[in-house]
2 protein chains.
Amino acid sequence: MFFYYIYHMRKKYTIKDIAELAGVSKGTVDRVIHKRGKVSEKALIDVTRILEEIDYKPNLIARNLKNNKVYSICVLIPDYHLDDYWLSCKEGIESVKQEFASFDIQIKTLLYHSKDVNSFLQKSNEVLALKPDAVLMVPSFQKESETIINLLANQDIVVSIFNNNIPNNKIFNFVGQDLIKSGRIAAKLFDLILGNGKVAILYIGANFKNATYFHEKDQGFKEYIKQTDTALSSVTQTFSSENLELELTNFLSQNPDVKGIFVTNSKTYMVAKLIKKHNLKDIKLIGYDLLEENITYLKNNTIQFLIHQNAKHQIHLGLTNLIEYFMFSKKTPKRNLLPINIINSENLSSYTQKETIYE
Amino acid sequence: MFFYYIYHMRKKYTIKDIAELAGVSKGTVDRVIHKRGKVSEKALIDVTRILEEIDYKPNLIARNLKNNKVYSICVLIPDYHLDDYWLSCKEGIESVKQEFASFDIQIKTLLYHSKDVNSFLQKSNEVLALKPDAVLMVPSFQKESETIINLLANQDIVVSIFNNNIPNNKIFNFVGQDLIKSGRIAAKLFDLILGNGKVAILYIGANFKNATYFHEKDQGFKEYIKQTDTALSSVTQTFSSENLELELTNFLSQNPDVKGIFVTNSKTYMVAKLIKKHNLKDIKLIGYDLLEENITYLKNNTIQFLIHQNAKHQIHLGLTNLIEYFMFSKKTPKRNLLPINIINSENLSSYTQKETIYE
DNA sequence: TAAAATTATGTGTTCGAGCACATTTTTGTG
DNA sequence: CACAAAAATGTGCTCGAACACATAATTTTA
């Protein structure tokens, strides 16, 4: 007959327990734990030994209860009314707000025009004036972002970024994807479905020089071609969103051997619309993000694959990293590189369904 | 000039605040909140009004501090020494243990032989004897699992399951994937890379009648063929792991038109090994799970795609659901259907890399 | 109407960590 | 040795919710 009383273990050791074990008071234990000094060598040794022996972990709940501060976080992102890509960030923020509704956390969202530096600067200054405890931002404009990040850091405001990375060692945490890998993945998928032929790598929008993501994805795609024995080739081209139809039609008539199109951002539906309109059935299409319009074309097989950048997950993780750092002194990696999800018409619903199916 | 003082909001309302606002004592507020009765109608109305007005949310940290119970959870899963598929569960348990190291949570793992009902029953009885607060289990044997779940539920032990679902309304939470969708996804992928031809749907192992996952994936695959205008066809076949080489070789010589093989479980590498050995380059292969051996064949292009069931994520979510329910009375959905990840050689590393890149 | 029973309300302690402050012990100096 | 200064140690309160227990107000019963 076995006795399982071992399983129902005692409560965790508290500071009081440790004090008793070491034959000192809890004040001394506290000083040892926090290295506040003013402790005799003997007491230091005794307490340290016991701490190690029992692998003491402080009760984070009790610790946080005492620290009753209202933490404020500013979220600075492109206006989601102007570009559907950012719409999912709104959901991400809402879900974090709900998740931490019982805690003293204040989240304020500021939106800037993603194409307008001045708007970005203006909103950044508003953030500075608010003096929050932390800022989570999308650094759309590299140079200006650098400046703002430095200003914030100088005021001891914790700064995290997501979506795209910029080099700055003052940044607390970055959440995003490896965009070079992302380009490689697109290449691999074309390799599988085409076998050979030319793929056009497209940038759609204004000011592609600022769009570092485009260059990295382009680089990844070409890297794949170079490093593997694929029969694929590629051609890179940028287009404006306004004149896409004309520009793309011209491009395709000049490049009749293009068998695949890789759209490096969420504007994939624009190309899909034209493929559908001109009945270019033979052209395979891979792009980014689960926008409503993209999903429609994915479902009717105009788009073969979408790569899911999951902005919602990104902002969610960025925020929880900050909150758990403040609330529970949780350590956070400098970088969180999220998985790069390959989406087709069949696994799509497994990503978009609500996770909460209550009875 | 704007003043942002509104932003730096006051602390959340406490029971004491509410008591003052309602002109009663905190004891009365507490009785109203917990519906303990012994409150006059007037006080009830006053306090309820204020609670609603300020949308009171109790401080979960303070609440939990008082409730200082050591929660014990048993994990009952197949022995990961016998089948690599379950190995990732070990990591999942470890990461949860680390995550909640500062809390009073005890997790005990019990392993059974996934092919041996008696082993399952024996370990189940050990779990019953341990009288934990909750059990997270893989219900490998449907009938026996039902019995155990009922026994546990009768003892007021919370039961969650993951990996495969069984119908039982006493189950607290199920984490897994939609396996019919999973089969559809495989079909879609073959559709894209083959265009047409016959795909063999394989089950490898003993006792396929117990493997409900196989039937669902098979069903999903065939559903896709039926519902779309694909030129694919399929043939379903079961094999033993011991005689796979002989059986599969025979099967392929009798079915020379098979252009793709869909292995419905993690034993995909076994088929890959034979494809490689007999140099059957033209056969495309899709299977399940990121086992070391599967990854090798994915990287050298013997396997085209792996569908990632992410047992680690499943057990992690199953455990955190239980812990957050106990610790913070967090509500949990009856079902968590996880995304079905499509993995190829290029996005693989984005799933397997450690998420923690500390400075 | 007074005492008893019932109901309503208020008070005080607990949980564990953290920190300010009080007290004790040790060391240094004339 | 006395006494001050410094170092070491101990004590007690706080955070917010929960709950046991004490007290007050009201109703019932003799």
Side-chain angles (χ1 to χ4, degrees), chain A residues 10-48 50-51 54-71 100-105 326-330, chain B residues 10-48 50-51 54-71 100-105 326-330:
Chain A
R10 71 182 303 289
K11 282 197 62 59
K12 292 180 77 67
Y13 288 92
T14 70
I15 282 192
K16 213 176 135 195
D17 297 329
I18 294 159
E20 272 172 35
L21 287 168
V24 295
S25 74
K26 67 197 184 86
T28 303
V29 175
D30 181 69
R31 278 181 286 269
V32 171
I33 288 171
H34 295 284
K35 302 191 173 70
R36 289 195 230 280
K38 304 193 175 179
V39 173
S40 69
E41 205 169 331
K42 179 182 168 356
L44 183 72
I45 291 166
D46 288 357
V47 172
T48 307
I50 287 167
L51 283 174
I54 64 170
D55 188 26
Y56 171 74
K57 297 260 166 45
N59 182 326
L60 296 183
I61 284 181
R63 169 180 289 177
N64 181 269
L65 181 60
K66 191 68 195 358
N67 166 26
N68 59 334
K69 181 172 159 26
V70 182
Y71 288 103
F100 292 95
S102 310
F103 299 89
D104 277 334
I105 303 279
F326 285 133
M327 302 286 287
F328 304 115
S329 351
K330 195 192 129 186
Chain B
R10 72 183 302 291
K11 283 199 58 61
K12 293 182 78 69
Y13 287 93
T14 71
I15 283 192
K16 213 177 135 194
D17 297 328
I18 294 160
E20 272 172 36
L21 286 168
V24 295
S25 74
K26 66 199 181 85
T28 303
V29 175
D30 180 71
R31 277 182 285 269
V32 172
I33 289 171
H34 295 284
K35 301 191 173 72
R36 289 196 230 279
K38 303 192 176 181
V39 172
S40 70
E41 203 169 332
K42 180 180 166 0
L44 182 72
I45 291 166
D46 287 358
V47 173
T48 307
I50 287 168
L51 284 174
I54 64 170
D55 188 26
Y56 172 73
K57 298 259 166 51
N59 183 325
L60 296 182
I61 284 180
R63 169 179 290 177
N64 182 271
L65 180 61
K66 190 70 202 349
N67 168 26
N68 59 335
K69 181 173 160 23
V70 182
Y71 288 102
F100 293 95
S102 311
F103 299 88
D104 276 334
I105 304 280
F326 285 133
M327 301 285 287
F328 305 116
S329 350
K330 196 192 128 186

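Note that the structure is predicted; figures quoted are calculated from it, not measured. All values below come from the heavy atoms of this structure, side chains included, with hydrogens, waters and symmetry mates left out. Letters A, B, ... mirror the listed sequences (proteins, then strands); counts begin at 1.
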Report task. Would you please confirm or rule out a distance under 4.0 Å between OP1 or OP2 of dT9(C) and any side-chain N or O of Ser40(B)? Result -> yes

Report summary line: Here the distance between atom P of dT11(C) and atom CD1 of Ile15(B), to the nearest Å, is 15 Å

Requested in this report: Mind telling me whether Phe328(A) and Phe103(B) have parallel, tilted or perpendicular rings, with 30° and 60° as the class edges?
Outcome: perpendicular

Query raised in the report: Does a nitrogen or oxygen in the side chain of Ser25(B) sit under 4.0 Å from OP1 or OP2 of dG10(C)?
Result: yes

Query raised in the report: For dA17(C), does OP1 or OP2 lie under 4.0 Å from any side-chain N or O of Tyr56(A)?
Result: yes

Query raised in the report: The side chain of Lys38(B) lies closest to which of these nucleotides: dA17(C), dC15(C), dA8(C)?
Result: dA8(C)

Query raised in the report: Which nucleotide of DNA chain D is the first, and which the last, in the 5' to 3' direction, to come under 4.0 Å of a heavy atom belonging to chain A?
Result: dA8(D) to dG16(D)

Query raised in the report: In terms of side-chain geometry, is the basic nitrogen of Asp104(B) or Lys12(A) positioned less than 4.0 Å from the acidic oxygen of its partner?
Result: no

Query raised in the report: Which part of the nucleic acid, if any, lies within reach of Leu65(A) when heavy atoms closer than 4.0 Å are counted: base, sugar-phosphate only, or nothing?
Result: base

**Report entry** Nucleic acid contacts - residues 28-36 of chain B versus DNA chain D, non-hydrogen atoms under 4.0 Å
**Finding:** Asp30(B), His34(B), Arg36(B)

Query raised in the report: If each of Gly27(B) and Ala62(B) is mapped to the nucleotide of DNA chain C with the nearest heavy atom, which maps nearer the 5' terminus, i.e. the 5' end?
Result: Gly27(B)

Query - Short side-chain N/O contact from Arg63(A) to OP1 or OP2 of dG16(C), under 4.0 Å - result: no

Report task. Could you tell me whether Lys26(A) contacts a base, only the sugar-phosphate backbone, or nothing, with contacts defined as non-hydrogen atoms closer than 4.0 Å? Result -> base

